[in-house]
Chemist: 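Let me begin by handing over the structure; questions about it come next.
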Amino acid sequence: CVPNLLMAEWNFNTTSATPATPPPSTNNVGTAAASVSLAGGVFSYETTNHSAPYSWGIYPFPLNKSTSAYFQFAIAKGSFEDISFSFWVSKKSNNGPTSMDVNWSSQADFSTSTSLATNLSIADKVWTQHTLPTISPAPAVTYFRVYVYGSKNSTGADNIIYVDDVRFT
């Protein structure tokens, strides 16, 4: 298996009618899906972006750590052996969330999961790339959840985060 071959990517170059479940920009594996679990959440395509023209805007997020506020990706490994995950993130203001934890699972319901990263930072109005450890060997379908928390304001559009250039290799 050759490392760093593109499996799937979301760069939000176009908008879809369903911003809560945006389709991938590139899909070389068959199953590649994105979704959000956020009660009362707002999902949009934003012109604040890492690479033009759009990013995925999501809000509001909770003040405290919660397993109910996350965005998720599902990737089938196809003929790939390993999976690596990276993404860019920013936030609108210092009222937005401050931290993210990333878990992965072979089960869609996350009845069991493994921590991939904790306390990843989200900077105000600055794009930060997070490249996570490789999962090897990867299950047939791998689910990734990014739990977002630490907001100073639990409501309102100033609580928004922007996600862009999501890559699975």
Side-chain angles (χ1 to χ4, degrees), residues 1-46 49-51 54-62 65-90 97 99-120 122 128-149 160-169:
C1 186
V2 179
N4 298 318
L5 291 177
L6 183 61
M7 299 171 76
E9 176 177 46
W10 283 260
N11 56 24
F12 308 102
N13 284 341
T14 61
T15 61
S16 74
T18 54
T21 57
S25 309
T26 303
N27 181 353
N28 294 322
V29 291
T31 299
S35 61
V36 176
S37 175
L38 193 59
V42 176
F43 323 104
S44 60
Y45 295 102
E46 299 290 330
N49 53 63
H50 175 254
S51 65
Y54 302 103
S55 66
W56 194 18
I58 309 165
Y59 75 91
F61 285 101
K65 197 179 285 194
S66 166
T67 57
S68 63
Y70 61 83
F71 55 96
Q72 174 174 296
F73 296 91
I75 302 294
K77 74 174 185 177
S79 61
F80 294 83
E81 190 173 315
D82 308 327
I83 298 177
S84 295
F85 172 33
S86 68
F87 62 97
W88 289 83
V89 66
S90 182
S99 301
M100 299 175 292
D101 294 346
V102 181
N103 286 21
W104 71 271
S105 180
S106 61
Q107 301 159 330
D109 66 0
F110 270 70
S111 55
T112 62
S113 67
T114 302
S115 175
L116 197 56
T118 59
N119 295 314
L120 297 175
I122 307 170
T128 304
Q129 184 181 32
H130 293 291
T131 302
L132 304 173
T134 298
I135 298 170
S136 179
V141 177
T142 306
Y143 300 89
F144 295 85
R145 281 191 182 168
V146 181
Y147 299 99
V148 183
Y149 57 93
I160 194 168
I161 67 164
Y162 308 110
V163 179
D164 206 356
D165 297 326
V166 177
R167 291 181 58 91
F168 291 91
T169 57

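Computation of the quantities below employed the complete heavy-atom set of this structure, encompassing side-chain atoms and omitting hydrogens, waters and symmetry-equivalent molecules. What you see is a predicted model, and the numbers here were worked out from it, not measured in a lab.
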Chemist: Looking at CG of Asn103 and OG of Ser115, how far apart are the two atoms once the value is rounded to the nearest 0.5 Å?
Modeler: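 So the gap between those two atoms works out to 5.0 Å.
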Chemist: Just verifying a value: how many Å separate Met7 CE and Asp82 CG, rounded to the nearest 0.5 Å?
Modeler: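 Answer rounded to 0.5 Å: 9.0 Å.
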Chemist: Can you sort out the partners of Ala138 under side chain to side chain contact (heavy atoms under 4.5 Å, CB included), two or more places apart, ordered by chain and number?
Modeler: Lys77, Ile83, Ile135, Thr142
Chemist: From the options Leu132, Thr169, Thr131, select the one residue that forms a side chain to side chain contact (heavy atoms under 4.5 Å, CB included) with Ser84.
Modeler: Thr169
Chemist: Taking ring-ring contact (aromatic ring centres under 6.0 Å, His included) as the test, write out the residues that go with Tyr162, two or more places apart.
Modeler: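 Listed in chain order: nothing, the list is empty.
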Chemist: To the nearest 0.5 Å, how far apart are CD1 in Ile75 and OG1 in Thr31?
Modeler: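 Going from CD1 on Ile75 over to OG1 on Thr31, the span is 8.5 Å.
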Chemist: Can you name the residues that form a salt bridge (Lys or Arg N to Asp or Glu O under 4.0 Å) with Glu9, not counting sequence neighbours?
Modeler: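 Applying salt bridge (Lys or Arg N to Asp or Glu O under 4.0 Å) to Glu9 gives Arg167.
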Chemist: For the residue pair Gly57 and Ile160, what are the closest heavy atoms and their distance?
Modeler: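 Answer, listing the atom of Gly57 first, then Ile160: CA-CD1, 3.9 Å.
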Chemist: Please name the residue in the list Trp10, Phe85, Phe73 that meets the ring pair (Phe, Tyr, Trp, His ring centres under 6.0 Å) test with Phe144.
Modeler: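 Result: among Trp10, Phe85, Phe73, Phe85 is the only option passing the ring pair (Phe, Tyr, Trp, His ring centres under 6.0 Å) with Phe144.
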Chemist: Are Asn49 and Ser55 linked by a side-chain donor-acceptor pair shorter than 3.5 Å?
Modeler: no
Chemist: Which residues pass the ring-ring contact (aromatic ring centres under 6.0 Å, His included) test with Tyr147, not counting sequence neighbours?
Modeler: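 By the ring-ring contact (aromatic ring centres under 6.0 Å, His included) rule, Tyr147 matches Tyr70.
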Chemist: Going by side-chain hydrogen bond (donor to acceptor under 3.5 Å, both in side chains), name the residues that satisfy it together with Asn28, two or more places apart in sequence or in a different chain.
Modeler: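 Once residues adjacent in sequence are excluded, Asn28 has no partner under the side-chain hydrogen bond (donor to acceptor under 3.5 Å, both in side chains) criterion.
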Chemist: Suppose we screen for salt bridge (Lys or Arg N to Asp or Glu O under 4.0 Å). Which residues come up paired with Asp165, at least two apart in sequence or across chains?
Modeler: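 Expected list: none.
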Chemist: Under 3.5 Å, is there a donor-acceptor pair between the Gln107 and Thr112 side chains?
Modeler: yes
Chemist: Between Asp101 and Tyr149, does any side-chain donor sit less than 3.5 Å from a side-chain acceptor?
Modeler: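 There is such a pair between these side chains.
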Chemist: Look at the side chain of Thr21 and the backbone N and O of Ser35, then say whether any donor-acceptor pair between them is shorter than 3.5 Å.
Modeler: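 No; zero donor-acceptor contacts below 3.5 Å.
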Chemist: Gln72 vs Phe110, test: side chain to side chain contact (heavy atoms under 4.5 Å, CB included). Steps then yes/no.
Modeler: CA-CA 11 Å; Gln72 174 174 296; Phe110 270 70; 3.7 Å; yes
